[in-house]
Amino acid sequence: METNELKNIWIEIDDILTPKTKNELKEILLSKTKRILSKFRWFLMTSILLCIGVITFLIIASLEIKNDILYLLNNAVLAIIIITLLLYYIKSYKKLHFNVRENYNVYVSLNNKVQFLSKELKNKLEITFIPFLGILLILSINVFYTSKSFIGTFQDEENLWGLIFGFLIGMLIAFYFAGKISKYQKKELRILQNYLNELESI
Amino acid sequence: MEEEFIEILSQYQGILHKVNLIYFKNDIDRQDNFQEIVFQLWRSFPNVKNKKSIGSWIYAISISTTISSLRKKSKNEIHDNLPEIKDLDNHFDKLINNDNLRWLIEAIQNLNEIDKSIMFLYLEDKSHEEISEIIGISKTNVGTKINRIKKFLRNKFNTHNHGDK
């Protein structure tokens, strides 16, 4: 087989391609952009609404029990954590789907994706905040609905066991989903890392 | 800007079709990936025009987008080891009458993802320097890799032809 024979065979590929018209290309671009944006809007709106819901509850509860300093402090810390997490997730989502990097090279592009995913996996923000967030939220709801003081919730043994049980169930659910997400990201990272290793080993 | 982008895309769309043809074996995956590449090209379009050759940019984005989206399709993760599934609704399969071309496409489809991209650029008549720039590996390594793949394909081609006789 001559060196150029492969190229001569390949050149015939142009005959089997069916080019799309400009209108079809425009349609593809518009529909894809629309789909990506609506996915982002859905994520953004759901997160913001959830956040607004919890913060509204915290404000109402704090106004209702404004004399309990420890309760107010609990709700303030909770609000700060929720807002921080919201901003972090929006930033992270935008970085993953909308960040434009100027690269023309396959290696750099794969390397950027690998680095981004590794950073995401190393970031233990959720793991650090989930139990803390869970404790604060369950305390806030408990104090509001039982009309006990913040300290009082710890003094009532039955109530305390209920809190511990509720907290553990909540944590199991939260860590189950966090684990699922992390497993998916690890799989993605492993595949991309293999491609990158392959490029590096050439 | 959109008109300009569509104009360029229209001229260079062959690259996208060819990348899809060697990386995916069915029309649905090809269509999905075509849309994904168009979107990625559109995203980076404002930053790239007038800076480098448009062709190289389209090759690089098409290949890296395709390799990245393969990770989402678990069936492709190990498809190198799977027997080829003949898709009855495959648009290109119906159009390829040339036996050698069909053989070449299938042989490239069975290479690993990185070798596929290097061989594709070689077949597109890109110089070693251009391939090195698009893929991001050294020129010497491009040469070595191409020789190895060509030798592999040559052996396969001889076996294919020998089998036909």
Side-chain angles (χ1 to χ4, degrees), chain A residues 1-26 28-33 35-36 97-114 117 184 187-202, chain B residues 2 5-7 9-10 13-14 17-18 21 34-36 38-39 42-44 46-48 51-52 56-57 60-61 63-65 67-68 70-72 74 77 91-92 95-96 98 100-101 103-105 112-114 117 122-125 133-137 141-142 144-145 150 153-154 157-158:
Chain A
M1 181 188 242
E2 296 299 319
T3 309
N4 279 330
E5 201 171 336
L6 287 172
K7 285 185 183 175
N8 291 337
I9 298 173
W10 182 255
I11 220 159
E12 292 182 39
I13 200 169
D14 289 325
D15 299 336
I16 62 156
L17 300 177
T18 322
K20 294 186 188 300
T21 63
K22 283 182 190 169
N23 277 342
E24 282 172 326
L25 291 172
K26 206 170 179 175
I28 288 172
L29 177 66
L30 289 178
S31 68
K32 180 74 183 177
T33 313
R35 227 177 311 147
I36 300 261
H97 296 276
F98 297 99
N99 204 24
V100 177
R101 287 194 182 92
E102 215 179 299
N103 59 60
Y104 305 94
N105 144 344
V106 176
Y107 178 83
V108 174
S109 168
L110 287 180
N111 197 29
N112 283 341
K113 285 197 178 89
V114 165
L117 279 175
Y184 176 72
K187 186 185 157 202
E188 279 194 286
L189 181 64
R190 198 187 65 237
I191 296 168
L192 284 180
Q193 187 70 61
N194 284 345
Y195 294 143
L196 200 63
N197 291 344
E198 216 175 289
L199 272 177
E200 280 168 352
S201 69
I202 291 172
Chain B
E2 193 183 292
F5 175 73
I6 297 293
E7 183 64 45
L9 188 61
S10 172
Q13 60 172 303
H17 289 296
K18 286 183 246 183
L21 192 58
F34 190 92
Q35 291 180 2
E36 185 62 31
V38 169
F39 179 67
W42 170 243
R43 271 176 60 185
S44 56
N47 296 342
V48 289
K51 288 182 185 169
K52 271 201 173 185
S56 296
W57 164 65
I61 298 278
I63 294 168
S64 54
T65 303
I67 290 178
S68 298
L70 286 174
R71 75 185 197 268
K72 294 172 190 161
S74 55
E77 187 187 344
H91 171 69
F92 287 104
L95 290 171
I96 307 171
N98 182 326
N100 282 343
L101 180 60
W103 167 82
L104 181 58
I105 291 171
N112 73 42
E113 315 309 347
I114 305 300
S117 57
Y122 166 79
L123 292 172
E124 289 283 289
D125 218 16
E133 275 172 21
I134 293 168
I135 303 288
I137 55 174
N141 288 338
V142 168
T144 317
K145 198 73 185 168
K150 264 170 34 186
L153 289 178
R154 203 177 295 139
F157 188 72
N158 289 337

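Quick caveat: nothing in here was measured; it's all calculated off a predicted structure. All chains are named by letter (A, B, ...) in the order of the sequence lines, taking the proteins before the strands, and each is independently numbered beginning at 1. Worth knowing before you read on, the calculation uses all heavy atoms, side chains too, and leaves out hydrogens, waters and symmetry mates.
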State, to 0.1 Å, how close [X] and [Y] come at their nearest heavy-atom pair, and which atoms those are.
{"X": "D14(A)", "Y": "K18(B)", "result": "OD1-NZ, 3.2 Å"}
{"X": "E198(A)", "Y": "N112(B)", "result": "OE2-OD1, 2.7 Å"}
{"X": "S68(B)", "Y": "K113(A)", "result": "OG-NZ, 3.2 Å"}

Practice prompt. Might you work through the side chain to side chain contact (heavy atoms under 4.5 Å, CB included) test for L104(B) and L6(A), ending with a clear yes or no?
Written response: CA-CA 8 Å; L104(B) 181 58; L6(A) 287 172; 3.6 Å; yes
Gap between atom [atom2] of [Y] and atom [atom1] of [X] - 0.5 Å precision:
{"X": "L101(B)", "Y": "D15(A)", "atom1": "CG", "atom2": "CG", "answer": "9.0 Å"}
{"X": "I16(A)", "Y": "L21(B)", "atom1": "CD1", "atom2": "CG", "answer": "5.5 Å"}
{"X": "S117(B)", "Y": "Y195(A)", "atom1": "OG", "atom2": "OH", "answer": "11.0 Å"}
{"X": "S109(A)", "Y": "I61(B)", "atom1": "OG", "atom2": "CD1", "answer": "6.5 Å"}

Discussion item. Can you confirm if the NZ or CZ of K26(A) lies within 45° of the ring axis of F5(B) and under 6.0 Å from the centre of its six-membered ring?
Written reply: no
Fill in: Heavy-atom contact with chain A under 4.5 Å, split by part of Q13(B)
side chain
Fill in: Contact origin within E2(B) toward chain A - heavy atom pairs under 4.5 Å
side chain
Practice prompt. Sort out for me which residue in N141(B), I137(B), I67(B) forms a side-chain contact (heavy atoms from CB on, under 4.5 Å) with L199(A).
Written response: I137(B)
Among [options], which residue has the highest count of heavy-atom pairs closer than 4.5 Å to chain B?
{"options": "T33(A), I11(A), I13(A)", "value": "I13(A)"}
{"options": "E24(A), K32(A), E200(A), R35(A)", "value": "K32(A)"}
{"options": "T21(A), L110(A), N111(A), I28(A)", "value": "I28(A)"}

Discussion item. Taking side chain as everything from C-beta outward and backbone as N, CA, C, O, which of these in N194(A) sits under 4.5 Å from a heavy atom of chain B? Side chain, backbone, both or neither.
Written reply: neither
Worksheet item: Side chain, backbone, both or neither: which part of L30(A) has a non-hydrogen atom closer than 4.5 Å to chain B?
Response: side chain
Item to complete: Begin from the C-alpha positions of I191(A) and L70(B) and carry the test side chain to side chain contact (heavy atoms under 4.5 Å, CB included) through to its verdict.
Response: CA-CA 9 Å; I191(A) 296 168; L70(B) 286 174; 6.0 Å; no
Worksheet item: Would you call E133(B) and N105(A) a side-chain contact if the rule is heavy atoms closer than 4.5 Å?
Response: no
Worksheet item: Taking side chain as C-beta onward, heavy atoms only, is L25(A) less than 4.5 Å from F34(B)?
Response: yes
Worksheet item: Which is it for D125(B) and W10(A) under the side chain to side chain contact (heavy atoms under 4.5 Å, CB included) test, yes or no, and what are the steps along the way?
Response: CA-CA 10 Å; D125(B) 218 16; W10(A) 182 255; over 6 Å; no
